[in-house]
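Report on one structure; see the data block that follows.
Atoms within a ligand are numbered from 1 in the order they appear, just like the ligands themselves. Every heavy atom of this structure was used, including side-chain atoms; hydrogens, water molecules and symmetry mates were not.
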Amino acid sequence: MRTAKDFFAPLAVGAPAPVREIPARPSRAIHFFDPGNPKMAAKVPDMVGTVDVLLGNLEDAVKAENKEIAREGLVKIGQEVDFGPTQFWTRINSLDSPWVLDDLTTLVPAIGDKLDVIMVPKVQGAEDIHYVDRLLAQLEAKAGITKPILIHAILETARGVANIEEICAASPRMQGLSLGPADLAADRRMKTTRVGGGHPGYLVRQDPERGADGVPLYDGERTTYQQDLWHYTIARMVDACAMHGIYPYYGPFGDIKDTVACEDQFRNAFLLGCVGAWSLHPVQIKIANKVFSPSVEDVKHARRVIAAMGDGTGAVMLDGKMEDDASVKQCKVMVALAEELAAIDPDLKAKYDAIVVD
Ligand SMILES: CC(=O)SCCNC(=O)CCNC(=O)[C@H](O)C(C)(C)COP(=O)(O)OP(=O)(O)OC[C@H]1O[C@@H](n2cnc3c(N)ncnc32)[C@H](O)[C@@H]1OP(=O)(O)O
Ligand SMILES: O=CC(=O)O
Ligand SMILES: [Mg+2]
């Protein structure tokens, strides 16, 4: 166990001091691109400023024979592109893979000063974070990096879910967690072959009509309600992240053409407390930016409650509803997010600025 005294000490002589608080930088969409795919790589400079996070993916979805090309492509992009307000992340290969050591030892010296966050897949427990933490400190020290690179863990194994709290607490570098529904489904032996999203078989059914003897009458239509396969895991992530001052994200939604269901899945995550989701295709950036930004109506309502509540204590009636100390805190969450987003998104700022609180 690392004691409180040692927790914020650098793990290598010359490494930058760990951050004390994870900055709340907007990250509505973490947009994945394959840095070894020339068409995708060419689009990266023009995407800066249109998306909160650009992530060069080196892990799954990059063919084994292209791993080195992808890594080299990422170094080139990192060195050549000015990311401005957009965060620059990468997803390295899994810690048991033949590529990860070269990923880290190549990326940190070459573009470690540009990388905000390294996403680590298939994290099983605190030991995985400790390994990356120490190695990053050594590499940062050697390369003279002055700002610590943060770590984001993908929750995609049953063991990772069971160890969620210790993963979040493993290092001051821990920035957040993403749900990895595809690998997690496989690891848990769930019987869905979809990459995230719902499943028509996972449902509850309206009660049947019953005869006088109480026996169900099976002749009527009974409405079914599809349920969210990921609710439990996302809720666990949200609590663990909030407890540790880090950020939860929904992961991939593989049905690229079903933009409506993607929006629903993202919105469920937003309502439960996630700050963003992955975008696998440019079409999903727009969806994430929309869903993970509070609506004008929500911001207006929140500002009205805050204004009506004065010093934030007591209870008032507003539009027939009770508001009190707790609801004003909920409203402050909404307004704080709106302010963070308005600071980087001029369109949103204009919409929020135009709100008149009556
Ligand atoms: C379970 C997990 O681990 S999920 C995370 C790993 N998976 C990924 O990262 C997948 C990333 N996305 C992709 O590989 C692709 O978007 C695919 C395979 C899903 C679809 O690709 P395509 O069939 O080429 O999509 P489509 O034809 O609609 O592409 C339109 C254009 O957008 C580009 N494009 C597609 N995806 C992206 C992307 N993620 N980033 C930037 N550009 C992209 C294409 O290159 C194409 O460019 P062009 O107009 O110059 O030809
Ligand atoms: O990496 C993501 C997943 O769903 O698996
Ligand atoms: Mg995965």
Side-chain angles (χ1 to χ4, degrees), residues 29-64 66-67 69-71 73-74 77 81 83 86 88-97 99-100 103 117-124 128 152-161 167 176-190 192-199 228-230 233-234 237 248-259 262 265-266 269 274 276-289:
I30 303 172
H31 181 73
F32 276 58
F33 65 91
D34 175 352
N37 175 322
K39 271 193 186 173
M40 284 195 204
K43 291 189 167 52
V44 169
D46 289 339
M47 296 180 94
V48 168
T50 67
V51 61
D52 295 340
V53 179
L54 279 163
L55 178 147
N57 175 39
L58 303 181
E59 201 224 10
D60 293 355
V62 174
K63 282 180 89 60
N66 291 339
K67 292 288 184 185
I69 293 169
R71 191 189 300 132
L74 186 63
I77 289 169
V81 175
F83 287 91
T86 297
F88 179 42
W89 296 21
T90 185
R91 177 169 81 168
I92 55 171
N93 284 289
S94 63
L95 299 181
D96 59 356
S97 75
W99 306 290
V100 67
D103 290 345
V117 176
I118 290 182
M119 186 182 268
V120 183
K122 302 175 178 65
V123 171
Q124 300 271 29
D128 289 341
H152 181 106
I154 315 180
L155 212 56
E156 48 187 351
T157 66
R159 201 169 114 204
V161 176
I167 291 170
L177 295 180
S178 281
L179 173 75
D183 272 301
L184 184 55
D187 193 65
R188 280 177 173 162
R189 298 189 206 105
M190 290 168 70
T192 168
T193 52
R194 298 173 173 209
V195 176
H199 193 290
D228 185 355
L229 278 172
W230 305 108
T233 316
I234 294 176
M237 282 172 47
Y249 299 77
Y250 177 76
F253 189 88
D255 196 345
I256 308 285
K257 300 286 180 197
D258 191 352
T259 51
C262 176
Q265 184 75 59
F266 285 6
C274 290
W278 298 5
S279 149
L280 305 182
H281 186 279
V283 75
Q284 294 184 335
I285 296 174
K286 239 193 224 160
I287 302 172
N289 284 354

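Of the N or O atoms in Leu179, none lie within a sub-3.5 Å distance of an N or O in ligand 2. Considering backbone and side-chain atoms together, Phe32 places an N or O closer than 3.5 Å to an N or O of ligand 1. Polar contact with ligand 2: present for Glu156 (N/O pair, distance under 3.5 Å). Note: no N/O pair closer than 3.5 Å links Ile154 and ligand 2 by distance alone. Remark: ligand 1 and Phe33 share no N or O pair separated by less than 3.5 Å (distance only, no angle test). Considering backbone and side-chain N/O atoms, Glu59 never comes within less than 3.5 Å of an N/O atom of ligand 2.
Ligand 1 places these atoms under 4.0 Å from at least one heavy atom of His31: 38 (C), 39 (N), 40 (N), 41 (C). Listed by number with element, the atoms of ligand 1 under 4.0 angstrom from any heavy atom of Asn57 are 6 (C), 9 (O). Atoms of ligand 2 lying under 4.0 Å from at least one heavy atom of Gly180, given by number and element, are 2 (C), 3 (C), 4 (O), 5 (O). Shown in contact with Lys39 at under 4.0 Å from a heavy atom are these atoms of ligand 1, numbered in order with element: 45 (O), 50 (O), 51 (O).
In summary, Asp183 and Lys122 engage in a salt bridge, as defined by a charged side-chain N under 4.0 Å from a carboxylate O.
Counting only heavy atoms from C-beta outward, the side chains of Phe32 and Pro252 never approach each other to under 4.5 Å.
Contacts between Leu280 and ligand 1, counted as non-hydrogen atom pairs separated by less than 4.0 Å, involve both the backbone and the side chain. Residue Phe32 does not touch ligand 2, judged by heavy-atom distances below 4.0 Å. Counting heavy atoms closer than 4.0 Å to ligand 1, residue Arg91 contributes side-chain atoms (C-beta onward) but none from N, CA, C or O.
Donor-acceptor pairing under 3.5 Å is recorded for the side chains of Asp103 and Asn93.
The nearest protein atom to atom 33 (C) of ligand 1, hydrogens excluded, is given as Lys43 CE, 3.9 Å; this is a heavy-atom distance. Summary of contacts: the protein heavy atom closest to atom 8 (C) of ligand 1 is Ala61 CB, 3.8 Å. For atom 4 (O) of ligand 2, the closest non-hydrogen atom of the protein is Ala182 N, 2.8 Å. The protein non-hydrogen atom at the shortest distance from atom 27 (O) of ligand 1 is His281 NE2, 4.9 Å. In terms of protein heavy-atom proximity, atom 37 (C) of ligand 1 is closest to Pro282 CD, 3.4 Å. At the top of the distance list for atom 14 (O) of ligand 1, counting protein heavy atoms only, stands Met40 CE, 3.3 Å.
Heavy atoms of Pro252 come nearer than 4.0 angstrom to ligand 2 in at least one pair. In this structure, Glu59 has no heavy atom closer than 4.0 Å to ligand 1. Under a 4.0 angstrom heavy-atom cut-off, Asp34 registers as lying outside contact with ligand 1. The shell of residues lying under 4.0 angstrom from ligand 2, judged by heavy atoms, includes Pro181.
The aromatic rings of Phe83 and Phe88 sit parallel to each other, their planes meeting at less than 30°, with 60° as the upper class boundary.
Looking only at distances, a side-chain donor or acceptor of Arg91 sits under 3.5 Å from a matching main-chain atom of Asp60. A donor-acceptor contact shorter than 3.5 Å is absent between the side chain of Trp89 and the backbone of Met119.
Here the shortest heavy-atom distance to atom 1 (O) of ligand 2, taken over Arg91, Met119, Lys122, belongs to Arg91.
Excluding waters, the set of protein N/O/S atoms under 2.8 Å from the Mg ion (ligand 3) reads Glu156 OE1, Asp183 OD2.
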